Amino acid sequence: MTQTNQDQRMAVESAATRLRDAALSGVACEPVRDIIGSDDVATAYAVQERLAAERVAGGARVVGRKIGLTSPAVQQQLGVDQPDFGILFDDMAYESGATVEHASVMQPKVEAEVAFVLKDDLADGSLDIEQVREAVDYAVAAIEICGSRIAGWDITFGDTVADNASAGAYVLGTQRRTLDDFEPRDVQMTMTVTGQETSTGDGAACLGDPLLALQWLARQARDLGAPLCAGQVILSGALGPMRPAAPGVEATAELSGLGSVSVIFSNHEEA
C-alpha cells in the first residue's frame with residue numbers, strides 16, 4: 001500500500017481510534033488491515049507508537065519489550081511469517097503464582113518464554129551476538145499472556161503489530177540464571193493449561209536461539225530510534241504453541257535450567 005504522509009497520518013489515527021475504543025470498552029473490534037493494509041510495516045508500527053505514547057502520557061511506564069511470532073508453531077497458528085515486537089508497561093507485570101483478572105486481558109492466550117533482563121544498553125556498536133549476550137544480566141522463565149483487541153484473533157501481520165504485538169500481560173519466574181549457568185537455545189519447555197493438551201517446545205523454536213531473537217530486537221529497536229536499555233525486561237518469544245486461557249484455568253510452565261512459572265485466571269469473565 002503506497003500512501004502519502006497525509007494519508008498515512010489519517011490511517012494511523014483511524015486505526016489507533018479503533019483499537020483504543022476496543023481496549024477502553026472491552027469489546028473486540030474488527031481488524032485494522034482495511035485501514036493500514038496487512039503488510040505495511042511502517043504504518044503498523046506508527047499505530048503502535050501512537051497508542052504507546054498515549055499510555056505513557058496517561059502515566060504508564062515502559063519497562064521492556066516483547067518479541068512476537070518467533071516460533072514456527074505460533075506463526076502457523078496465526079498465519080504470519082515473520083517476527084514482530086511490542087512494548088511492555090509496568091502495569092502488565094505479575095509475579096509467579098499470581099491471579100490475573102480474566103477480563104483484564106482481552107481474549108487471553110498463554111505461551112511460555114525465556115525472559116531476559118538487561119544490565120547494559122544495546123544502543124551502540126555492532127550489536128553482534130557476543131555484545132548482546134554480554135548485555136544480559138540474567139534470565140528467568142516467563143509466561144506471556146497475549147491478548148488481542150481484534151475480534152476472534154482475526155489478524156494479519158499489520159493487525160498484530162498495530163495492536164502492540166498482541167501484548168496483554170506477563171508473569172516472571174523467581175529463579176534467576178546468568179548465561180554462564182545455562183544456554184537459552186538448549187531450554188526444554190513444557191506448559192500445562194487446565195483441561196488442554198500440553199504445549200511443548202524448546203529454545204531452538206525461538207528463531208533458532210532466544211539470544212538471536214534478542215539480537216534481532218536490539219537491531220530493530222535501534223533502527224527505529226528507541227534502543228533497548230539496561231534494566232529492561234525482554235520477552236524473547238514463544239518456545240511452543242500458545243493456548244487459550246479460559247476463566248478459572250491455571251497455566252504452569254517448566255523450563256529446564258530456569259524452573260517453573262505459573263498463573264491463575266479468575267473464575268469469572270467480568271472484572
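Worth saying up front: this structure is predicted, and the values here are computed from it rather than measured. Sequence positions, counted from 1, serve as the residue numbers for this chain. Values below: all heavy atoms of this structure, side chains included; hydrogens, waters and symmetry mates excluded.
For the atom pair OG of Ser166 and CE of Met106, the computed distance is 11.5 Å after rounding to the nearest 0.5 Å. Rounding to the nearest 0.5 Å gives a distance of 6.5 Å between CD1 of Ile143 and OG1 of Thr252. Atom CG of residue Leu217 and atom CG of residue Leu212 lie 12.5 Å apart, to the nearest 0.5 angstrom. Taking CZ of Phe157 as the reference point, atom CG of Asp40 lies at 10.5 Å (rounded to 0.5 Å). Rounding to the nearest 0.5 Å places CD of Glu49 at 10.5 Å from CG of Asn164.
Using a 4.0 Å cut-off between charged nitrogen and carboxylate oxygen, Arg50 and Glu54 count as a salt-bridge pair. Ion pair Asp154/Arg33 flagged as a salt bridge, since at least one NZ, NE, NH1 or NH2 atom sits closer than 4.0 Å to an Asp/Glu carboxylate oxygen. Note on Lys119 versus Asp137: no salt bridge recorded, every NZ/NE/NH1/NH2 to OD/OE distance being 4.0 Å or above.
Checked by atom type, the side-chain pair Glu250/Thr194 shows no donor-acceptor distance below 3.5 Å.
Between the side chain of Ser260 and the backbone N or O of Glu254, no donor-acceptor pair lies under 3.5 Å. With hydrogens and angles disregarded, a donor-acceptor distance shorter than 3.5 Å links the side chain of Gln131 to the backbone of Asp124. At distances below 3.5 Å, at least one donor-acceptor pair connects side-chain atoms of Asp159 with backbone N or O atoms of Thr156. Panel note: side chain Glu111, backbone Cys146; no donor-acceptor pair is recorded below 3.5 Å. At least one donor-acceptor pair closer than 3.5 Å links the side chain of His102 to the backbone N or O of Ala245.
Residues passing the salt bridge (Lys or Arg N to Asp or Glu O under 4.0 Å) test with Glu30: none are found, sequence neighbours excluded. For Asp84, there are no side chain to side chain donor-acceptor pair (under 3.5 Å) partners two or more places apart in sequence or in a different chain. For Ser256, there are no side chain to side chain donor-acceptor pair (under 3.5 Å) partners at least two apart in sequence or on another chain. Listed by chain and number, the residues in a side chain to side chain donor-acceptor pair (under 3.5 Å) with Ser25 amount to none (sequence neighbours excluded). Listed by chain and residue number, nothing satisfies the ring pair (Phe, Tyr, Trp, His ring centres under 6.0 Å) test with Tyr94 (two or more places apart in sequence, or in another chain).
Across all non-hydrogen atoms, the minimal contact from Ser262 to Ser96 is N-OG, 3.1 Å. Counting all heavy atoms, side chain and backbone alike, Val132 lies closest to Leu211 at CG1-O, 4.1 Å. Closest of all the heavy-atom pairs between Gln215 and Leu127 is NE2-O, 3.0 Å. Here the shortest heavy-atom pairing between Arg243 and Glu197 reads NE-O, 2.9 Å. Nearest heavy-atom pair, Ala221 versus Leu228, reported as atom, atom and distance to 0.1 Å: CB-CD2, 4.1 Å.
Cluster annotation: Ile145 is not connected to Met92 through the hydrophobic network of ILVMFWY side chains, with a link wherever side-chain heavy atoms come within less than 4.5 Å.
Think of Ile264 as one node in a network of Ile, Leu, Val, Met, Phe, Trp and Tyr side chains linked at under 4.5 Å; it has no links at all. Other members of a hydrophobic cluster containing Met10 are absent, since no ILVMFWY side chain comes under 4.5 Å of it, directly or through relayed contacts.
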Show every donor-acceptor pair shorter than 3.5 Å between a side-chain atom in residues 59-67 and any protein atom, with sequence neighbours excluded, or say none if there are none.
unit_1: Arg65; atom_1: NH2; unit_2: Ala226; atom_2: O; d: 2.6
unit_1: Lys66; atom_1: NZ; unit_2: Glu144; atom_2: OE2; d: 2.7
unit_1: Lys66; atom_1: NZ; unit_2: Ala165; atom_2: O; d: 2.7

Report all side-chain donor-acceptor pairs from residues 230-241 shorter than 3.5 Å, counting only partners two or more places apart or in another chain.
unit_1: Gln232; atom_1: OE1; unit_2: Cys229; atom_2: N; d: 3.1
unit_1: Ser236; atom_1: OG; unit_2: Val114; atom_2: O; d: 2.6

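For residues 167-202, the set of pairs meeting the ring pair (Phe, Tyr, Trp, His ring centres under 6.0 Å) definition, not counting sequence neighbours, is empty. A ring pair (Phe, Tyr, Trp, His ring centres under 6.0 Å) check over residues 40-69, counting only residues at least two apart or in different chains, returns the pairs Tyr45-Phe85. Under the salt bridge (Lys or Arg N to Asp or Glu O under 4.0 Å) criterion, the residue pairs touching residues 161-173 are Arg149-Asp163, with sequence neighbours excluded.
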